[in-house]
Amino acid sequence: MNGEAERTVAFTVNGSPWRGTVEVRQSLADVLREAVGLTGTHLGCEHGVCGACTVLVDGRPVRSCLMLAVQADGAQILTVEGLAPGPDQLHPLQEAFWNHHALQCGFCTPGMLMTAWALLQEHPQPTRAEIQTWLSGNICRCTGYQNIVEAVEEAAVRMAGEGGRA
Amino acid sequence: MKPAPFRYAAPRTLDEALAVLSQHGAEAKVLAGGQSLVPLLNLRLARPELVVDINRVAGLDAVRHEDGWVEIGALVRQWDAERDPLVRSQVPLLAQALGYVAHPQIRARGTLCGSVAHADPAAEIPLVLTTLGGEVVAARAGGSRTLPAEAFFLDLFTTALASDELVTAIRLPAGGFQGTAFCEFSPREGDFALVAVAVALRWDAGGRIQEARVGVSGVGPTARRVVEAEAALAGEEKSRSAAQRAGEAVAAAVHASGDVHASAEYRRHLARVLTERAVVQAMAIGGEGVDAQ
């Protein structure tokens with residue numbers, strides 16, 4: 001086995017199947033943005049520090065700059081584009097971010113939302129400390145974080161009221 | 001695209017993976033969780049010709065309890081180990097340490113064996129392995145060997161692993177300690193620690209410490225046990241003063257060197273304070289608590 005430079009991969013993104021040939025050195029983030037065309041996933045540092053590229057892979061938050069696209073073969077992927085229940089609608093997390101002014105430039109927001117989504121899956125009623133710990137892997141240079149934490153708190157309350165819809 | 005070009009192999013069996021490494025090990029890098037390797041690829045600090053992705057290899061993702069050991073396979077994610085009932089009950093020190101490993105997004109992919117093979121001097125898992133006297137199982141085509149942690153970690157990012165070998169599991173002694181604690185200090189939550197301390201204590205029915213393990217990282221090229229601090233605790237009643245003596249023993253025994261992150265003096269200070277704190281926490285776990293003095 002001398003290895004390949006390209007591979008065909010197939011995965012599901014936001015419920016839709018995608019299949020294509022990728023260079024083995026392409027990150028999942030690059031393939032999502034450039035091949036699949038979903039540019040909501042943002043790339044900041046591209047070496048696993050900033051968290052902007054966080055997506056859900058098989059239900060878990062993952063830094064998509066630290067995962068090769070070939071490794072996502074067969075996976076279920078959720079990106080920020082898949083959060084809202086439909087066009088012209090927002091996910092409760094997105095609405096809470098809006099209400100609380102939890103973003104300014106918006107660059108980190110997709111990663112924040114996906115991480116918060118994973119947190120609420122595991123801890124539907126998180127403490128403030130849990131929110132802070134989970135979001136510590138996502139860097140924001142605008143907000144000072146307080147409004148992001150408050151937005152996640154509000155979303156948790158709203159989602160619990162809606163029977164935990166995620 | 002960040003990484004330099006490489007070729008990619010994704011073996012399905014351990015034999016296949018070991019065959020690839022026996023032929024191409026010198027120019028290959030093994031990819032498991034990728035949370036250390038992929039940053040190095042993206043920064044082009046590593047430029048392997050071949051990446052051997054073991055994620056599809058069957059049989060490496062189990063946590064097993066046998067013969068007094070908890071064995072954790074090469075594909076067990078830190079995220080899973082952190083939540084594993086066997087790990088939590090039999091190796092609580094590891095569960096405590098895993099909460100300090102980077103962030104949930106990193107632990108969702110990162111493996112314990114990958115962290116051990118990478119041998120970052122500030123990493124938590126090598127410290128736990130060293131403190132508890134754990135072992136590393138290294139396989140190559142045609143056989144495998146088991147190395148004690150202290151023989152595996154040689155230097156900064158340097159291990160005894162040969163280029164044709166694969167870490168297939170780590171092994172940690174099951175149970176044996178009533179009280180364990182892990183303490184570290186890092187400037188920001190989730191960063192690598194400046195200094196980390198792991199403590200495990202076993203005491204008799206009267207509360208007298210029979211055996212102590214004290215390990216420290218951030219004050220040398222690898223994590224290490226500090227036998228002077230262990231000796232300071234053995235035979236003592238659980239007390240804050242005993243914890244203080246353990247901290248002083250660590251500060252006296254380590255040879256910290258300063259760097260851009262922290263001076264030698266500050267690292268030594270952290271080693272003392274964190275040891276004292278971890279020993280106090282380990283004493284309190286198990287119900288009897290620590291007397292005020």
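Model, not experiment: these values are computed from the prediction. Reckoned from all heavy atoms, side chains included, excluding hydrogens, waters and symmetry mates. First the proteins, then the strands, lettered A, B, ... as listed; each starts at 1.
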Residues Gln105(B) and Asn138(A): closest non-hydrogen pair is NE2-OD1, 2.7 Å
Ignoring hydrogens and geometry, is there a side-chain-to-backbone donor-acceptor pair from Asn42(B) to Glu46(A) under 3.5 Å?
yes
Please report the shortest heavy-atom distance between Phe6(B) and Val24(A), naming the atom on each side.
O-CG2, 3.4 Å
Region of Val57(A) that comes under 4.5 Å of a non-hydrogen atom in chain B:
neither
Checking heavy atoms, do the side chain of Ala102(B), its backbone, both or neither come under 4.5 Å from chain A?
neither
So which atom in Ala108(B) and which in Pro61(A) form the shortest heavy-atom distance, rounded to 0.1 Å?
CB-O, 3.2 Å
Hey, could you give me the CG/CE distance between Asn55(B) and Met67(A), rounded to the nearest 0.5 Å?
8.0 Å
Can you name the nearest heavy-atom pair linking Ala5(A) to Arg7(B), along with the distance?
CB-NH1, 4.2 Å
So, taking the atom named CD in Gln35(B) and the one named CZ in Arg63(A), what distance separates them when rounded to the nearest 0.5 Å?
7.5 Å
Tell me, please, which residues at least two apart from Asp191(B) pass salt bridge (Lys or Arg N to Asp or Glu O under 4.0 Å).
Arg188(B)
Top residue by heavy-atom pair count (under 4.5 Å) with chain A, among Ala19(B), Ala4(B), Gly99(B), Pro5(B)?
Pro5(B)
Please evaluate residues Gln71(A) and Leu31(B) with respect to the criterion side-chain contact (heavy atoms from CB on, under 4.5 Å), reporting the C-alpha separation (whole Å), side-chain torsions for both, the decisive distance (0.1 Å), and the verdict.
CA-CA 10 Å; Gln71(A) 296 188 285; Leu31(B) 172 62; 3.4 Å; yes
Applying salt bridge (Lys or Arg N to Asp or Glu O under 4.0 Å) to Arg141(A) and not counting sequence neighbours gives none
Can you give me the closest heavy-atom contact between Arg7(A) and Ala10(B), atom names plus distance?
NH2-CB, 3.9 Å
Tell me, side chain or backbone of Thr54(A) under 4.5 Å from chain B's heavy atoms, or both, or neither?
side chain
Look at Leu119(A), Leu135(A), Val49(A), Asp73(A) and state which one has the largest set of heavy-atom pairs under 4.5 Å with chain B.
Asp73(A)
Test log, rule side-chain contact (heavy atoms from CB on, under 4.5 Å), inputs Gln132(A) and Glu189(B):
CA-CA 9 Å; Gln132(A) 287 166 339; Glu189(B) 183 161 353; 5.7 Å; no
To check you understand the geometry: which heavy-atom pair defines the closest contact between Cys65(A) and Val38(B), and what is its length?
O-CG1, 3.6 Å
Top of Leu41(B), Asp53(B), Val52(B) for chain A proximity - count of heavy-atom pairs under 4.5 angstrom
Asp53(B)
Per-residue contact mode, Glu122(A) against chain B (heavy atom under 4.5 angstrom)
side chain
